[in-house]
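Here the structure is laid out as C-alpha cells; the discussion comes afterwards.
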Amino acid sequence: MSAPLDDKTRAIISATVPALKAHGTAITTEMYKRLLSTPAIRDLFNLSHQQDGEQPKALALAVLCYAEHINDLGALGGMVERIAEKHVGLNILPEHYPYVAEALLGAIGHVLGDAATPEIAEAWGKAYWFLADILIGREKQIYDEHKDAPGGWAGWRAFRVRSRRAETPTITSFELVPVDGGALFRHKAGQYLSFKLDVPGHGSQRRNYSISSEPGADHYRISVRQQDGGVVSTWLHETVKEGDMLQVANPAGDFFLDETSESPVVFLTAGVGLTPVMSMLGELAQTSVKRKIHYVHGADTEALAAFRPEIEDLASRGILAADFFYAKESVPAVSHGVAVHAGRVTTAWVKQNLDRSATYYICGPDSFMRDMVDALRTENLPAKQIRYEFFGSAADPDLVLSAA
C-alpha cells in the first residue's frame with residue numbers, strides 16, 4: 001500500500017483546484033487523445049463516450065473531486081469503489097496504469113503550459129500513483145473473489161445467445177448461457193455485465209449492460225434499448241441472433257439490492273433504467289422475507305414500458321404496488337391492476353408519496369436521477385436510503401460529486 005501523501009503534495013494538489021475547474025475537461029480530452037493512440041489501450045474504452053465528449057467530462061469531474069477531497073480521502077470511498085468495479089468489468093490490469101499516468105501528466109503539462117511547474121507535475125505524479133495503488137489493490141480483491149467463487153471466472157468468457165425477445169419496439173432481451181456449460185457466478189441483483197464485442201466495420205467495442213434476470217437463474221439476461229445511431233445497440237438488435245457467441249466479463253457494479261435489510265423499498269425508474277430493478281424484483285420475489293415494495297416507472301407510452309406484464313402479475317399477487325407514468329399517452333387511471341398517470345414522474349409526486357422508512361433505488365437518464373435524488377434530499381431522507389445507478393459515463397456533476 002502506498003504511503004500517505006505528504007503535506008506539501010496535498011497542498012499543491014489543493015492549489016490546483018481552480019485550474020482544474022477552468023481547464024479540467026481540456027486536460028482530460030488531451031489525456032484521452034494521447035491514451036487512445038495506443039491500440040491496446042484504446043480497445044478498453046467505450047469509444048462512443050469519446051465522440052460525444054461524455055468520458056472526458058466525467059473524468060474531469062472525478063479528478064476535480066479527488067483534488068477537492070485530497071485532505072479527506074475517506075469521503076471518496078463510494079467513488080473509488082465505483083471506479084474499481086467498472087475497471088474489473090473492463091478487465092483493467094495493473095500494467096495499464098502507467099499508460100494513464102503518462103497521458104494524464106503529459107496532458108496537464110500540455111494544457112497548463114508554463115503554469116504546470118515541476119513541483120505541480122511531481123505532486124500530481126505522487127497523487128496519481130497513490131490513488132492507482134488503492135484501485136489496483138481493490139481490483140485484485142474483486143478479481144480474486146470472482147475467480148474463487150462458484151461459477152466465477154477470470155478475464156473474458158464465451159457466452160451463447162440462448163434466446164432473444166422483443167420487450168418493446170425499442171428494447172430487446174437476450175438470454176445468455178456459458179458456452180463451456182459450466183456454472184454461473186451468482187450476481188448481486190442490480191449489477192451489470194461487461195462485453196468485449198467485435199462489431200463489423202467498427203472493430204472492438206466495450207459496453208456494459210445491466211443484468212435484468214434474477215440471481216440464481218441458469219442464465220444471464222440483458223435488456224438493451226436500441227439507441228439512435230448506437231453502434232453496438234443497433235448491431236445487437238439487428239444482427240445478433242440465437243446461437244451467436246459474445247465475450248463476457250464477470251458481473252460487476254456497486255448498485256445492488258441490500259439483501260440484509262427488511263425495510264420497504266421504492267424503485268424509481270424511467271426508460272431502460274428499469275433493467276437492474278427487474279433483477280432486484282426477481283430477487284425479492286423469491287425471498288422468504290416479505291418486504292413492502294413500490295415500483296414507479298416512467299415511459300413515453302404503455303407500449304414502451306418494458307416488462308409491464310411481469311409488473312402487473314406481481315401487483316395482482318400482492319407482491320408490490322405499482323405506478324406507471326406515460327408522458328405521451330393518456331390511459332385509464334387504473335389499468336391491469338396498477339395505477340396509471342398521465343405525464344412524467346414529478347418531484348412533487350415523489351415528495352407527496354414519500355415513504356421515510358424506505359430505501360429508494362433510482363435508475364434512468366441522468367436528468368431523471370438528478371431530479372429524483374434532489375427531491376429526496378430536500379426532504380432530508382438519509383443518504384444511506386438513496387441509491388442510484390450510473391448509466392453511460394456518469395458525467396453529471398450533481399450525481400458524480402454528491403455520490404462520492
Side-chain angles (χ1 to χ4, degrees), residues 149-151 162-168 171-177 183-193 209-225 251-299 302 304-325 334-340 345 353 355 357-364 385-389:
R162 185 171 72 180
S163 66
R164 51 174 290 164
R165 184 182 80 176
E167 307 292 354
T168 74
I171 296 177
T172 296
S173 288
F174 300 82
E175 283 192 5
L176 310 174
V177 293
L184 275 187
F185 177 84
R186 184 183 177 94
H187 70 282
K188 296 178 181 178
Q191 290 189 309
Y192 56 80
L193 294 175
Y209 292 111
S210 295
I211 303 170
S212 60
S213 52
E214 71 276 10
D218 69 345
H219 65 279
Y220 295 133
R221 181 182 66 190
I222 60 170
S223 303
V224 181
R225 179 173 68 88
D254 67 337
F255 176 72
F256 49 80
L257 182 70
D258 181 0
E259 301 174 27
T260 65
S261 174
E262 297 183 12
S263 65
V265 292
V266 177
F267 297 116
L268 290 176
T269 65
V272 77
L274 54 73
T275 51
V277 165
M278 293 308 300
S279 182
M280 295 181 187
L281 286 174
E283 175 79 356
L284 290 169
Q286 64 185 357
T287 182
S288 60
V289 177
K290 300 303 179 184
R291 298 168 68 176
K292 181 181 176 183
I293 305 169
H294 189 180
Y295 177 85
V296 183
H297 181 66
E302 186 176 60
L304 294 177
F307 300 107
R308 182 173 50 80
E310 287 85 343
I311 299 300
E312 291 166 354
D313 175 65
L314 293 173
S316 70
R317 292 190 281 139
I319 293 175
L320 55 75
D323 285 86
F324 284 91
F325 288 75
V334 178
S335 177
H336 305 287
V338 302
V340 179
V345 183
N353 293 274
D355 182 349
S357 66
T359 298
Y360 282 73
Y361 293 85
I362 308 166
C363 193
Q385 292 175 230
I386 307 172
R387 305 184 182 191
Y388 49 95
E389 171 69 302

#### Entry: Derivation and outcome, side-chain contact (heavy atoms from CB on, under 4.5 Å), residues V277 and F307
CA-CA 11 Å; V277 165; F307 300 107; over 6 Å; no
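Of all heavy-atom pairs between S263 and R291, the closest is O-NE, 2.9 Å. Between V266 and A358 the shortest heavy-atom distance is CG2-CB, 3.8 Å. Of all non-hydrogen atoms in S210 and T275, the two that sit nearest each other are CB-OG1, 3.4 Å. When every heavy atom of C363 is checked against every heavy atom of G273, the shortest pair comes out as CB-O, 3.2 Å. Shown here for D258 and Y361, the closest heavy-atom pair between the two residues is N-OH, 3.1 Å. Here the closest heavy-atom approach between residue E283 and residue A189 is recorded as CB-CB, 3.9 Å.
How far CG of L257 is from CD of E214: 13.0 Å, rounded to the nearest 0.5 Å. To the nearest 0.5 Å, atoms CZ (F267) and CD1 (I293) are separated by 6.0 Å. Distance check, rounded to the nearest 0.5 Å: CD1 of I222 to CD1 of I171 gives 12.0 Å. For the atom pair CD1 (I211) and NE2 (H219), the distance works out to 10.5 Å, reported to the nearest 0.5 Å. Interatomic distance, S213 OG to F174 CZ, rounded to the nearest 0.5 Å: 14.0 Å. Distance check, rounded to the nearest 0.5 Å: CG of L314 to CD1 of I319 gives 5.0 Å.
Inter-residue side-chain proximity for R225 and T168 is flagged as unmet; no heavy-atom pair is nearer than 4.5 Å. Considering only heavy atoms from C-beta on, L268 stays 4.5 Å or farther from Y388 through its side chain. Looking only at side-chain heavy atoms (C-beta outward), I311 and F324 come within less than 4.5 Å of each other. With contacts defined as side-chain heavy-atom distances shorter than 4.5 Å, the pair T172/V224 does not qualify. Considering only heavy atoms from C-beta on, Y295 stays 4.5 Å or farther from V338 through its side chain. Proximity of D218 to V177: side-chain heavy atoms (C-beta onward) are nowhere separated by under 4.5 Å.
A salt bridge is defined here as a Lys NZ or Arg NE, NH1 or NH2 lying under 4.0 Å from an Asp or Glu carboxylate O, and R186 with E259 fails to meet this definition.
Side chain of E175 to backbone of R221: no donor-acceptor contact under 3.5 angstrom is found. The main-chain N or O of S173 is never found under 3.5 Å from a side-chain atom of R165 such that the two would form a donor-acceptor pair.
Just one of H187, Q191, K188 meets the side-chain hydrogen bond (donor to acceptor under 3.5 Å, both in side chains) condition when paired with S279; it is H187.
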